[in-house]
Amino acid sequence: MPFKAALLASFLVLPSGTWAQLARNAVYRTDFNSSFKFSDSQIQAARLDSALTTSLENNINFDRSQLAFGGSREDDFYTLPPLSNETSPLQPGQVLKVQAFTDQTAYSTPPNTALSRIIYTTTNFNGTVIPASAFILWPYTPRQFGSPLHSAHSNRGKSDVAKKAPVVVWAHGTSGFFAPQNPSSHRALWYDDSAPFPLAEAGYAVFAPDFAGLGIGNSWDGSEIPHQYHASPATAHDSLYGLRAALAAFPEKLSRDFVAMGHSQGGGVAWGIAEVLAEEKDEFADLLPGYKGAIAASPTTDVFGTPERSFIVAVVGQGLHSIFSSFDLSQWLTPLGVARVKLARDLELGVGPMIELLLSGEDILRSDWTETWFADAFSKLGNAGHKDFKGPLLVLQGTEDSYVPYSITTKTVEDSWRRHPDHDLEYVVSQGVGHVPDLRATKSIWLRWIDDRLAGKPLEKRGSVRTDLESLLPIEQYLSYDNTFQAWGGLPQYQYQVPLAV
Ligand SMILES: *[C@@H]1O[C@H](CO)[C@@H](O)[C@H](O)[C@H]1NC(C)=O
Ligand SMILES: *[C@@H]1O[C@H](CO)[C@@H](O)[C@H](O)[C@H]1NC(C)=O
Ligand SMILES: *[C@@H]1O[C@H](CO)[C@@H](O)[C@H](O)[C@H]1NC(C)=O
């Protein structure tokens, strides 16, 4: 019998109840899970005209609808466990809470991935121990390395199938500045198909810290945990302490071998991880043997060098008081800027609405903002890419990046080559490619790089290497931006899929 006919025949003999198990086509859910409206006093204080008010409300409701289970302010998982005598005195890198199985019905994660979340301890920029959250996106089957190098690997169980998954520490790009903007509450884990999904599908356990202040907004004593935006040593510590905690939480499932990877803010964090591992060998002696290298994609290495300067100044400034206690936002922003940042803080807005609120055409930046010493001091403390680092390091950059200019990354890389000619740093430049899309343009390259490092293969090119990529077809023929996003299908009855996809 031809295959199709056999299939049909077997369908016909199915007991009638079985049909109900097949998913049906249904209307895609298009309403929002949020109905926020500004109050009159908010509109007046931030001087929002009616067009901006309407547009922002729409933007905020869309943004809040992307939060699984209402986001970290509503989801019980993010409630801190009480301090017990066992967890005190606190050290960074301790596990405080483990959710081994996170309900993925509110997420748009890929099928045959599993999700876990943890709460762990890290330190803020100045060394105070604070709590933070993270997710682990699990592969169906761990990456297997065929090379003989790995046949003796402790990953292997009796059946010769790996029982532990090699890890990619994923450092996210800017998701926001306040507690509800943690990637572990975002329905698509904030970077969806650009990195965490393909990494899990390739067989890696994706360990992804929510940088401190995102997810858990208050410490045990109720004090605010500010997200110290672009303080890359602090976020690099979040990543490494988080990894230590994740390894303690899942010792049977996570291999100790890892590659660090990040994009944009997280690209600076990945580079920062390579710097911290060069500088703090004793502090991270437990993790160093497993470290196989880092990938810094479109990394922030000069925080105030972005073309959207007033936005960056405002969002770095809103958390800077936690590092420099004499800093006040009115030293950088106009009264309107201060009022709009206050509104954003009160509402804990995400990065999308905040861009709209702060860049709507009116001046928020004081012309004399550079006259204070804070910007210079913060750049020196916060910027990644200017110190010794533990390689190998792969830096990815598109020439059409409008957030992290190609010229800035090129200068940072070239300076680094000059300072450390003996280090392995490959710079891969994609002609005609923008900021987040660079992760898609170069996916086959970074997936293979991760694979080779974790398989223990020697680098193909050593030392200071530049690789230039050009599009196969004329660049004008390519879609240059994401014109869609990973959407949540809602409750099962709202999922839209063809039955054969099951
Ligand atoms: C929708 O939002 C409400 C209120 O914030 C929240 O309790 C609920 O869990 C959200 N639904 C989903 C599926 O995330
Ligand atoms: C915690 O430790 C303190 C000081 O060592 C002790 O007095 C107290 O009884 C302990 N509490 C618990 C619940 O074990
Ligand atoms: C934090 O550390 C920086 C750099 O060492 C220092 O300038 C600053 O005063 C410290 N801030 C606090 C609040 O301790």
Side-chain angles (χ1 to χ4, degrees), residues 26 28-37 57 60-79 92 99 102-109 115 117 122-130 135 178-190 212-213 215 217 219 221 223-238 272 275-276 279-280 303 316-329 331 347-350 372-384 386-387 485-495:
Y28 199 95
R29 183 174 173 153
T30 52
D31 59 331
F32 284 164
N33 192 32
S34 167
S35 54
F36 168 80
K37 279 210 169 306
E57 283 172 348
I60 291 168
N61 285 318
F62 168 76
D63 205 54
R64 291 186 175 174
S65 299
Q66 302 309 310
L67 303 180
F69 306 119
S72 55
R73 289 281 190 208
E74 291 182 29
D75 183 338
D76 267 354
F77 169 72
Y78 296 91
T79 308
Q99 182 180 63
T102 301
D103 177 2
Q104 288 178 89
T105 56
Y107 289 83
S108 53
T109 41
L115 189 65
R117 297 186 291 193
T122 180
T123 47
N124 68 10
F125 186 85
N126 288 73
T128 302
V129 176
I130 47 170
F135 72 79
F178 310 113
Q181 277 80 52
N182 53 310
S184 69
S185 288
H186 188 270
R187 298 194 196 279
L189 304 177
W190 187 240
S219 200
D221 62 358
S223 61
E224 188 197 346
I225 301 174
H227 174 47
Q228 296 174 318
Y229 186 58
H230 279 320
S232 66
T235 32
H237 282 95
D238 297 343
E275 293 175 343
V276 166
E279 193 177 327
E280 298 178 47
V303 53
V316 168
Q318 65 83 27
L320 202 57
H321 179 76
S322 69
I323 296 177
F324 301 129
S325 50
S326 60
F327 177 77
D328 188 89
L329 197 54
Q331 291 165 298
L347 296 173
E348 302 196 298
L349 296 187
T372 63
W373 56 270
F374 299 108
D376 214 33
F378 180 73
S379 299
K380 288 203 178 79
L381 296 172
N383 280 341
H386 305 277
K387 294 186 206 155
F485 58 91
Q486 194 75 35
W488 172 62
L491 302 169
Q493 64 267 35
Y494 299 125
Q495 281 170 5

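For ligands, and for the atoms within them, numbers begin at 1 and follow the listed sequence.
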Check your understanding: Is there a side chain to side chain contact (heavy atoms under 4.5 Å, CB included) between His227 and Asn182 once you walk through the steps?
Key -> CA-CA 10 Å; His227 174 47; Asn182 53 310; over 6 Å; no
Write 'none' if nothing qualifies; otherwise put on separate lines each N/O atom of ligand 3 with a protein N/O atom under 3.5 Å away and their distance to 0.1 Å.
residue  : atom   : partner : partner atom : Å
ligand 3 : 2 (O)  : Asn126  : ND2          : 2.3
ligand 3 : 11 (N) : Asn126  : ND2          : 2.9
ligand 3 : 11 (N) : Ile323  : O            : 2.7
ligand 3 : 14 (O) : Asn126  : ND2          : 3.2

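- The two residues Val129 and Pro92 have their closest heavy-atom pair at CG2-CD, 4.1 Å.
- Every salt bridge (charged side-chain N to carboxylate O under 4.0 Å, His left out) that Asp376 has, sequence neighbours left out, goes to Lys380.
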**Study point:** Verdict with supporting geometry, Asp75 and Arg117, side chain to side chain contact (heavy atoms under 4.5 Å, CB included)
**Key:** CA-CA 12 Å; Asp75 183 338; Arg117 297 186 291 193; 3.0 Å; yes
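- Contacts of Arg64 with ligand 1, taken as heavy-atom pairs under 4.0 Å, are absent altogether.
- Within the 4.0 Å heavy-atom cutoff, Leu67 counts among the residues contacting ligand 1.
- The shortest side-chain heavy-atom distance between Thr372 and Phe324 does not fall under the 4.5 Å cut-off.
- Those atoms of ligand 1 that come under 4.0 Å of a heavy atom in Ala68, given as number and element, are 14 (O).
- Using a 4.0 Å cut-off to heavy atoms of Arg187, the atoms of ligand 1 that qualify are 12 (C), 13 (C), 14 (O).
- Checked against ring pair (Phe, Tyr, Trp, His ring centres under 6.0 Å), Phe77 has no partners two or more places apart in sequence or in another chain.
- The atoms of ligand 1 that sit less than 4.0 Å from any heavy atom of Glu74 are 4 (C), 5 (O), 6 (C), 7 (O).
- With sequence neighbours left out, Glu348 forms a salt bridge (charged side-chain N to carboxylate O under 4.0 Å, His left out) with Arg73.
- Checking only distances, Phe69 does come within under 3.5 Å of ligand 1, N or O to N or O.
- Ring geometry for Phe69 against Tyr107 counts as perpendicular: the plane angle is over 60°, on a 0 to 90° scale with 30° as the lower cut.
- Contact of the Leu115 side chain with the Gln99 side chain is not registered, since no non-hydrogen atoms from C-beta on lie closer than 4.5 Å.
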